[in-house]
Protein chains: 2
Amino acid sequence: MLMQTAIRKGSSRQPAGRELQITSTVPELAGSVEMMGATMTFGRNGEIYGEGEQADYVYKVVRGAVRTYKVLADGRRQIGAFYLAGDVFGLEVGEEHPHSAEAVTESTVMVVKRSALIGLAARDSDVARELWAFTGRELARVQAHVLLLVKNAQERVVDFLLEMANRQPGDAIELPMSRQDIADYLGLTIETVSRTLTGLENEAAIALPNARRILLRNRSALREMNA
Amino acid sequence: MLMQTAIRKGSSRQPAGRELQITSTVPELAGSVEMMGATMTFGRNGEIYGEGEQADYVYKVVRGAVRTYKVLADGRRQIGAFYLAGDVFGLEVGEEHPHSAEAVTESTVMVVKRSALIGLAARDSDVARELWAFTGRELARVQAHVLLLVKNAQERVVDFLLEMANRQPGDAIELPMSRQDIADYLGLTIETVSRTLTGLENEAAIALPNARRILLRNRSALREMNA
DNA sequence: CGGAATATTGATCAAGATCAAAGCGAGTGG
DNA sequence: CCACTCGCTTTGATCTTGATCAATATTCCG
């Protein structure tokens, strides 16, 4: 049942345009953790970290978009999440990254040492609580992903659109990712994603000015068809 | 590792035979948390907690098996996990339970107040770390569930069998749950689960002495077909 | 025993995958 | 400035997997 991207072809595989520049900033992990971090920029499809690598750093998207994914034994790719500006990713409880992470578009991320956070948490229970809460939100997100994957194609696509819409203001969605990325996130093929979007456009639920831009024309209708 | 004979509640059947009796024990949450807990016994299909309820207690299965699940808008049920003897469940980061929990068979669980754990964690960073680690393991489990749900029927069933086999010694699996439970966990129908098991038996990969007992005849063949 | 719940098996259907062919759009070089 | 190309997306035709509908078998208990 080959569906998702069978082979990660190296096509436009940018040499992971990694560009590091030290910056001093004071962002927050997820609400209350102050940290200093370096900033790095990755080109489109640049690898941020690989599955199984030591999880020594925690990341925050400053600009752009990041996807985490796993490649299954048969070569298919399953995307676990998309992270947009402001989102933290790569913070693991264990010692290594269970997924790989790549920049979807050219992206800037802030980096902080995991050990620094863990050290803080050992002394400050508020920080410890913050780390736990972060993992709890990831857990809730993945649980929602499970529910998505047992729905039919239209429901999955609508779920995805509503999720993306909730993460940016307005009724227009500017998609940083390709149809293949969407398909690999939803467990569908690009053809099914494309046909479903066309169908929604025909039902006047959305408009597709171009492939990367989607306008929600009737959000409540969308909410209903997502069951 | 968890011996404490609960005075049993009589047979008890359906109506969520909830019966509480205080016991003094010293089990551990997941490695290092000492806690005192009361013991409760639930009849088959007895409700332990409902989705959306306050998550004031944390549970540990002493005997039996527990399932957590959500009911989708269209009435379908998605099982999130099965917890067997020794497993902790119901520990949430947030204030309420995102799933419902029921006893699969008559089960005894130990209960401890969540607030007690959180209170401990505020003073003892090892406990805090333990709570975080627990949620991290749940996260890993749900991530594995996502990967399972994008596989084909045979792969899902084999995944399930290997998972269950790894949780009990030997090559015989004693299933506490029905075909419907398995189907709702795997995102399949009971017919597909049944046919797939029959198929595996015909291929001599497993044996089915009866519906609730499965023998793994060829574990490496199973591992291969699960891709 | 008898009856209800659970499981298996069979026949058919449909959603979505696969295979195949255009269409589109942005960047490149003549 | 235009034509060409490359990668991405859409559309079409067909096939396959697992769902659905239906009947039979088995198990569990009262």
Side-chain angles (χ1 to χ4, degrees), chain A residues 1-14 44-45 72 74-78 104-106 148-158 175-184 186-202 206-214 225 227, chain B residues 11-14 43-45 72 74-78 104-106 148-158 174-184 186-202 206-214 225 227:
Chain A
M1 84 133 155
L2 265 245
M3 29 174 169
Q4 300 152 151
T5 322
I7 303 152
R8 196 106 195 67
K9 34 55 119 9
S11 66
S12 61
R13 199 182 209 48
Q14 237 92 321
R44 196 159 91 91
N45 299 322
L72 310 200
D74 62 357
R76 278 150 58 224
R77 179 184 67 160
Q78 178 61 43
V104 174
T105 58
E106 175 170 304
L148 183 156
L149 291 175
V150 300
K151 296 184 180 178
N152 69 28
Q154 186 179 69
E155 291 169 338
R156 295 188 209 188
V157 171
V158 168
L175 294 176
M177 71 290 285
S178 69
R179 292 288 185 274
Q180 188 63 66
D181 286 334
I182 297 172
D184 289 352
L186 299 180
L188 300 170
T189 59
I190 49 174
E191 292 94 332
T192 297
V193 170
S194 185
R195 277 187 248 271
T196 304
L197 288 172
T198 303
L200 291 172
E201 186 174 36
N202 292 339
I206 64 171
L208 294 161
N210 65 63
R212 294 301 180 101
R213 194 174 172 77
I214 299 183
M225 63 179 77
Chain B
S11 77
S12 72
R13 213 93 280 224
Q14 300 271 340
R44 196 158 91 92
N45 300 322
L72 310 199
D74 62 357
R76 277 151 58 226
R77 178 184 67 157
Q78 178 60 42
V104 174
T105 58
E106 175 171 304
L148 183 156
L149 290 175
V150 299
K151 296 183 179 179
N152 68 28
Q154 186 179 70
E155 291 169 337
R156 294 188 211 189
V157 171
V158 168
E174 200 63 56
L175 294 176
M177 71 290 286
S178 68
R179 293 287 185 272
Q180 187 64 64
D181 286 334
I182 298 172
D184 289 352
L186 300 180
L188 299 170
T189 59
I190 49 174
E191 292 95 331
T192 296
V193 170
S194 185
R195 277 187 249 270
T196 303
L197 288 172
T198 303
L200 291 171
E201 186 174 37
N202 292 339
I206 64 172
L208 295 162
N210 65 62
R212 294 303 180 101
R213 193 174 173 79
I214 299 182
M225 63 179 77

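What's counted below: heavy atoms across the whole structure, side chains too, no hydrogens, waters or symmetry copies. Per chain, numbering begins at 1; letters A, B, ... match sequence-line order.
Using a distance-only test at 3.5 Å, with no hydrogens or angles considered, no donor-acceptor pair links the side chain of B:Arg179 to the main chain of B:Ser194. Without hydrogens or angle criteria, A:Arg77 side chain to A:Asp184 main chain gives no donor-acceptor distance under 3.5 Å.
For B:Thr192, no side-chain nitrogen or oxygen approaches OP1 or OP2 of D:dG18 to under 4.0 Å. Between B:Thr198 and C:dT9 there is a side-chain N or O to OP1 or OP2 distance below 4.0 Å. The shortest distance between the side-chain N/O atoms of B:Thr189 and the OP1/OP2 oxygens of D:dG18 is not below 4.0 Å.
Nucleic acid contact class of A:Leu197 (heavy atoms, under 4.0 Å, all strands): none. Within the nucleic acid shown, B:Gly187 comes within 4.0 Å of sugar-phosphate atoms alone, with no base atom in reach, counting heavy atoms only. Counting any heavy atom pair closer than 4.0 Å across all strands shown, A:Asn152 reaches sugar-phosphate atoms only and no base atom.
B:Thr196 meets the side chain to side chain donor-acceptor pair (under 3.5 Å) test with no other residue; sequence neighbours excluded. Legend: residues meeting side chain to side chain donor-acceptor pair (under 3.5 Å) with B:Arg212, ordered by chain and number and at least two apart, are absent.
Between the CG atom of A:Leu200 and the P atom of D:dT10 there is a distance of 12 Å, rounded to whole Å. Note: CG (B:Asn45) to C1' (C:dT6) measures 13 Å, nearest angstrom. When the P atom of C:dA26 is taken as reference, atom CG of A:Asn210 falls 8 Å away, rounded to whole Å. Counting to the nearest Å, the C1' atom of C:dA15 and the CG atom of A:Leu186 are 16 Å from each other. As rounded to whole Å, 9 Å separates atom P of D:dC28 from atom CZ of B:Arg212. When the P atom of C:dA7 is taken as reference, atom CG of B:Asp181 falls 8 Å away, rounded to whole Å. At whole-Å resolution of the value, CD1 in A:Ile190 and C1' in C:dA22 are 14 Å apart. If you measure from atom CZ of B:Arg179 to atom C1' of D:dA25, you get 14 Å, rounded to the nearest angstrom.
A salt bridge links B:Glu174 with B:Arg213; the closest basic N to acidic carboxylate O contact falls under 4.0 Å.
Here the CZ-CD1 distance, from A:Arg195 to A:Ile190, works out to 10.0 Å after rounding to the nearest 0.5 Å. Atoms CD and CG, on A:Gln154 and A:Leu200 in that order, are 5.0 Å from each other to the nearest 0.5 Å.
Which of C:dT9, D:dG18, C:dA17 sits closest to the side chain of A:Leu188 comes down to C:dA17.
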Protein-nucleotides 12-15 of chain D N/O pairs under 3.5 Å:
from, atom 1, to, atom 2, distance (Å)
D:dG12, N7, A:Arg195, NH1, 2.8
D:dG12, O6, A:Arg195, NH2, 3.1
D:dA13, N6, A:Arg195, NH2, 3.3

